[in-house]
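What follows is a single structure, written as C-alpha cells, with notes after it.
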Amino acid sequence: MSSAIYLILATGMFFFQDTYFSVGGVELSLKNPCALAIVFLALLNFIATVRLDRLMVLTRHGAVQALPYLIPLVFSSVIWVSTRADSSAVLNGVSMILPQLLSVLVAAATLYLFGGRGIWYCLGSMCAANFLNVLVVIYTGGLAPFLQEFYTLLITFSRETGPLMMQLETHDLTFAFGPFLLYLLLHWKTSPRPVLWLVLISFFALVGLKRIAFPALALGLAAAFVLRLLPDKAAKQTALCVAAAMMVVSFLYITGIRYGLFEYLETHWGLDTKGRAALFANVEPYYDISFTYMGLGTGFERMVEWFSGMVSPTPLRTQTQIHNDFLRMYLNIGFVGYWVWLWGWLPARLSYWFRRVGKDAGCLFLGICVYCLVLYATDNAIYYPYTMTACALVPMACRFDAQAEAALERRCAQWSAEAGHGSRGAV
C-alpha cells in the first residue's frame, strides 16, 4: 500500500511543477503538497513501524545534506536583521530555502519507506511523470509532429527545436536524471535491470535535451571513476584536493566575471555569450570582490530584472535569471558566507561520505558535485527542486541498508553494555 501511495504522490510531485494554485493571493506550486504528503506518509510509516536502524542513519545523512542550505539561511538572517529588511524580503528569501530543505526531507522519506530500493522508486516516478508529459504533448500536438520535432532536436543537438519540444524542455527534470545516471553507471552490476533504466533515462533526458548536461555528466563520471581506481586513503585525499580546486575555481570564476571576463570573450574572441555579458554588467553594481562585502540576503536576485537592470520593490517571480549560481550565492551571502557555503557544500560533506559510508559513496558524491559545478556555473540548478532531491537521495542511498543494519547493531551493543553496567552497579 505504501509503495502505491508513494508512486502516485511522487509522480504527481514531478508532474505538477508548473501547475499552481493560489492561497491568500500567493501562487504555490502543486508539487509542494505532493512533497509534503510524501514526508507525512513516511511519518505515518514511522509511527507504525519505528525502524530505528533507518532513522538513525537518515538523521545523520539528512543533516549533512541540508548543510549547504542552512548556511545561507544563517548568513541571510544576519543580513536581514542588520539591514532591517522588510518582511517581504525575508519571506522571499525563506521561500527559496524551504524548498531546498523539503527536497532533503523527501529524499530521506523515500529511503525510510523503502530502504536502498527507494532510489528506484523515486527514479521510476520521475520516468512516469516524464512519460505523462510526453503523452500530454502528443495528445495536444499529434504524434507525427512530435516525432519530427524530436528528430530535429536530436540531429541539431537542440540548436533547432519546435513548440512541442519546448513544452518538454523542463530543465529541472532533465538535470535531475544526472545523479541517477551516475549511480547507475557506477553500480551497474548491483542495479536491478540496469539496461532498462539506462534506456528510460536516456530517452527522457534526450526529450528534454540540455546540452550542458552532457559535459557535466562526463566530467562527473570521469572524476568518480578515476577516484575509484585509487586506494581508499589516496582516493579521499585526492577527492579533497579536487574539492579545494573546485572552490578556488568557482571564486576565480565570479572574480573574472566581476572584472569583465565575458566582455573580453565577446570583444577579443568573438564568442556568443548569449547575452550574459550584458546581464553580468547589470549585476556588477551590486557586489564587490572584497572581504568586507556582506551580501544582500538570499532572494535578492528576485528584486531585479537582470536583463534590463530595473529594480523592483517587490520580488519578481518571473524575470531574467542570473544563470550563474556561484555568482548568485556570492551576491546573496557575501565573501565570508560564500566561503563557508563552499566548505559546507564540498569538503565537509565529502569527508563525511568517505568517513561514514566508504570510498564508493565518497567517489559518487564527488562525481555529483563535479556535475553540479558545471550546472551551477551556467544555469540556476541550485534552486531546482527535482535536481536537489536527486542530489540528496543518490548518495544517501549508497550502501544504505548495510549502514542501517550496522548502526542498529552498534546501538544495541551500546545499550546492552550500559544495561550490564547498570545491573552490576545496582548489585
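Hydrogens, waters and symmetry mates are skipped; everything else that's a heavy atom, side chains included, is used.
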Does a side-chain heavy-atom distance below 4.5 Å link [X] with [Y]?
X      : Y      : value
Pro395 : Ile368 : yes
Glu149 : Met166 : no
Arg54  : Phe400 : yes
Phe15  : Leu30  : no
Cys369 : Leu346 : yes
Asn282 : Val304 : no
Met246 : Val370 : yes
Trp120 : Leu184 : yes

Nearest heavy-atom neighbours spanning [X] and [Y]:
X      : Y      : result
Val50  : Ile47  : CG2-O, 3.9 Å
Phe14  : Ala129 : CB-CB, 3.4 Å
Ala239 : Leu350 : O-CD2, 3.4 Å
Tyr253 : Asn324 : CE2-ND2, 3.1 Å
Ala108 : Leu58  : O-CD1, 3.3 Å
Ser351 : Leu240 : OG-CD2, 3.5 Å

Would you call the rings of [X] and [Y] parallel, tilted or perpendicular if under 30° counts as parallel and over 60° as perpendicular?
X      : Y      : value
Phe175 : Tyr384 : parallel
Tyr352 : His61  : perpendicular
Tyr338 : Trp341 : tilted

Original post:
Is the Phe291 to Trp339 ring centre distance short of 6.0 Å?
Top reply: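 Centroid distance Phe291-Trp339: not below 6.0 Å, so no.
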
Original post:
With distance as the sole criterion, is a donor-acceptor pair present between the side chains of Tyr330 and Ser250 under 3.5 Å?
Top reply: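 There is no such pair (donor and acceptor under 3.5 Å, judged by atom type) between the side chains of Tyr330 and Ser250.
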
Original post:
Side chains of Tyr371 and Thr387: is there a donor and an acceptor less than 3.5 Å apart?
Top reply: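 Side-chain D/A pair, Tyr371 to Thr387: absent.
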
[X] side, atom [atom1]; [Y] side, atom [atom2] - distance, nearest 0.5 Å:
X      : Y      : atom1 : atom2 : result
Tyr183 : Leu393 : OH    : CG    : 9.5 Å
Arg258 : Tyr287 : CZ    : OH    : 6.0 Å
Lys210 : Leu375 : NZ    : CG    : 9.5 Å
Ile322 : Trp306 : CD1   : CH2   : 5.0 Å
Ser2   : Phe114 : OG    : CZ    : 6.5 Å
Leu327 : Phe280 : CG    : CZ    : 6.0 Å

Original post:
Hey, is the main chain of Arg228 close enough, under 3.5 Å, to the side chain of Lys359 for a donor-acceptor pair?
Top reply: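 Checked: pair present.
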
Subject >> Set of residues satisfying side chain to side chain contact (heavy atoms under 4.5 Å, CB included) with respect to Val340, sequence neighbours excluded >> reply: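 Ile71, Phe75, Val336.
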
**OP:** For Asp53, enumerate each residue passing the side chain to side chain contact (heavy atoms under 4.5 Å, CB included) test, keeping only those at least two apart in sequence or located in another chain.
**Re:** Arg51, Ala404, Leu408

**OP:** Check the pair Phe335, Tyr293 against ring pair (Phe, Tyr, Trp, His ring centres under 6.0 Å), reporting the backbone distance first and the verdict last.
**Re:** CA-CA 6 Å; Phe335 186 97; Tyr293 175 67; 9.0 Å; no

Original post:
Would one find more than 12 heavy atoms of other residues, nucleotides or ligands at under 6.0 Å from atom CZ of Phe307?
Top reply: no

